[in-house]
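Take a look at the structure set out below.
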Number of protein chains: 2
Amino acid sequence: MTTRHPPEHYARPENSIGYLSRIVFRTFSRVLERRTMEHGVSAGQWRFLRQLWVEDGLTQRELSDKVGMREPTTVVALRSLEAAGLIRRERSVDDRRKTHIFLTDHARALETLLNPHNAEVHDIATAGLSDAEVETLKNLLRRVHANLVDEERKLPDLNDVSA
Amino acid sequence: MTTRHPPEHYARPENSIGYLSRIVFRTFSRVLERRTMEHGVSAGQWRFLRQLWVEDGLTQRELSDKVGMREPTTVVALRSLEAAGLIRRERSVDDRRKTHIFLTDHARALETLLNPHNAEVHDIATAGLSDAEVETLKNLLRRVHANLVDEERKLPDLNDVSA
DNA sequence: CTTGTATCCTTCGTATACTAACTATTGCCG
DNA sequence: CGGCAATAGTTAGTATACGAAGGATACAAG
């Protein structure tokens, strides 16, 4: 099978989507964290808070999916958020396997403080790009992600190989 | 100062470039690692090998810059590559602070095995995108990264605040 | 030549993230 | 009811990544 470009093309990291998305993610995250840390919020905590500001009361599974993390990562992140007094966990009554996550008042108060920093970093990141280009970038990233998620779904878990 | 979008816009992760680049990076990395691990190469090792296949003999500092990692990360990655017999370190004669990194024959042999997997994952990731769209995506990511790097350069190190 | 400063790499401590395997609970089906 | 597969969350172990600080070497200015 032939590929879109010969394998040598991707030898240069700057032609690689994996590389480019990684360095954008890392630099974005560092620049934003510099701001959120002034309010005592780390990058990892921020990612979960942002989702919870949209809607809290979610179970850990739902939260993991929305934030784009696997569950063990969520467990650790929530432990840190709970220790910081930013969330409260509540065992579900009708299904005792589930835990619902709720924001504390302190966490709610942070929303209006932290969101502007995020908007500011977005402005910095997209300086010189038109609104249309920003939309294009986001749409292309969404499409690439969807493709990769499809691929992951197709693959069997490594453990349930029946042979 | 007003921002391109009101802060609430970025409340939804799917509007956030930080979020989108993170999930693209992570899924890309997982899908690729599934393939490279069959040859005993982890995602972290792969990132450094790819750069070294382009050119070895670099110092650790140069390598860190090209791979887009900070130096402590490079130290750990190189330790793992050395333990796996994939690289060799050589102290510079003219400047004994520097260490040059060279690939072993084994590592060189891996190039033709691993690069096709990378090209394949790129094809999967960009399914349904035209060649022009792929170029657009990469260019936009490069521009965003350049903006964020500029911002990081502008900021003083947190420690050399003279006050 | 010696003293200060810059550079290169390392160590230390911590955060972020995952896979695999485990526990507890639920729901299904006979 | 009784077993058993599925689901929710956790634990264990490891990899990846970084900021801050430290040690060694080099270099420039006096």
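The CD1-P distance, from A:Ile101 to D:dA8, rounds to 14 Å in whole Å. Atoms CG (B:Asp95) and P (C:dT7) sit 12 Å apart, rounded to a whole Å. Regarding B:Leu32, its CG atom lies at a distance of 17 Å from the C1' atom of C:dA17, rounded to whole Å. To the nearest angstrom, C1' of C:dA20 lies 13 Å from CE of B:Met37. In this structure, B:Phe28 atom CZ and C:dA17 atom P are separated by 19 Å, rounded to whole Å. The NZ-C1' distance, from A:Lys98 to D:dA6, rounds to 13 Å in whole Å. Look at CG on A:Asp65: it is 9 Å from P on D:dA8, rounded to the nearest Å. The interatomic distance linking A:Leu63 (CG) with D:dT7 (P) rounds to 20 Å, in whole Å.
Nucleic acid contact class of B:Phe48 (heavy atoms, under 4.0 Å, all strands): none. Residue contacts shown for A:Arg61 include a base, since a base heavy atom lies under 4.0 Å away.
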Pairs of donor and acceptor atoms involving the side chains of residues 7-14 of chain B, under 3.5 Å and at least two apart or interchain, shall be tabulated with distances.
unit_1, atom_1, unit_2, atom_2, d
B:His9, NE2, A:Lys138, NZ, 3.4
B:Arg12, NH1, B:Glu14, OE2, 3.2

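Under the 3.5 Å distance criterion, with hydrogens and angles disregarded, no donor-acceptor pair is assigned to the side chains of A:Arg26 and A:Ser21. The closest side-chain donor-acceptor pair between B:Arg50 and A:Ser16 falls under 3.5 angstrom. Side-chain atoms of B:Thr59 and B:Arg97 include no donor-acceptor pair closer than 3.5 Å. Side-chain polar atoms of B:Gln45 and B:Ser80 form a donor-acceptor pair below 3.5 angstrom.
By the 6.0 Å contact criterion, CG on B:Asp105 is open, its count of non-hydrogen atoms from other residues, nucleotides or ligands being 12 or less.
An OP1 or OP2 oxygen of C:dT16 is reached within less than 4.0 angstrom by a side-chain nitrogen or oxygen of A:Ser42. Within the structure, every side-chain polar atom (N or O) of B:Arg26 is placed at least 4.0 Å from both OP1 and OP2 of C:dT16. Between A:Arg96 and C:dT25 there is a side-chain polar atom (N or O) within less than 4.0 angstrom of OP1 or OP2.
Projected onto DNA chain C by closest heavy-atom contact, A:Gln45 and A:Asp94 fall at different nucleotides, the more 5' of which corresponds to A:Gln45. Where A:Arg30 and A:Gln60 each meet DNA chain D at their nearest nucleotide, the meeting point lying more 5' is that of A:Gln60. Annotation: of the two residues near DNA chain C, A:Phe25 and A:Arg91, the 5′-most nearest-nucleotide partner is A:Phe25.
Salt-bridge formation is detected for the pair A:Glu152/A:Arg70: a Lys NZ or Arg NE/NH1/NH2 atom is positioned less than 4.0 Å from an Asp or Glu carboxylate oxygen.
For residues 68-81 of chain A, proximity to DNA chain C is found at A:Met69, A:Arg70, A:Pro72, A:Thr73, defined as any non-hydrogen atom under 4.0 angstrom from a strand atom.
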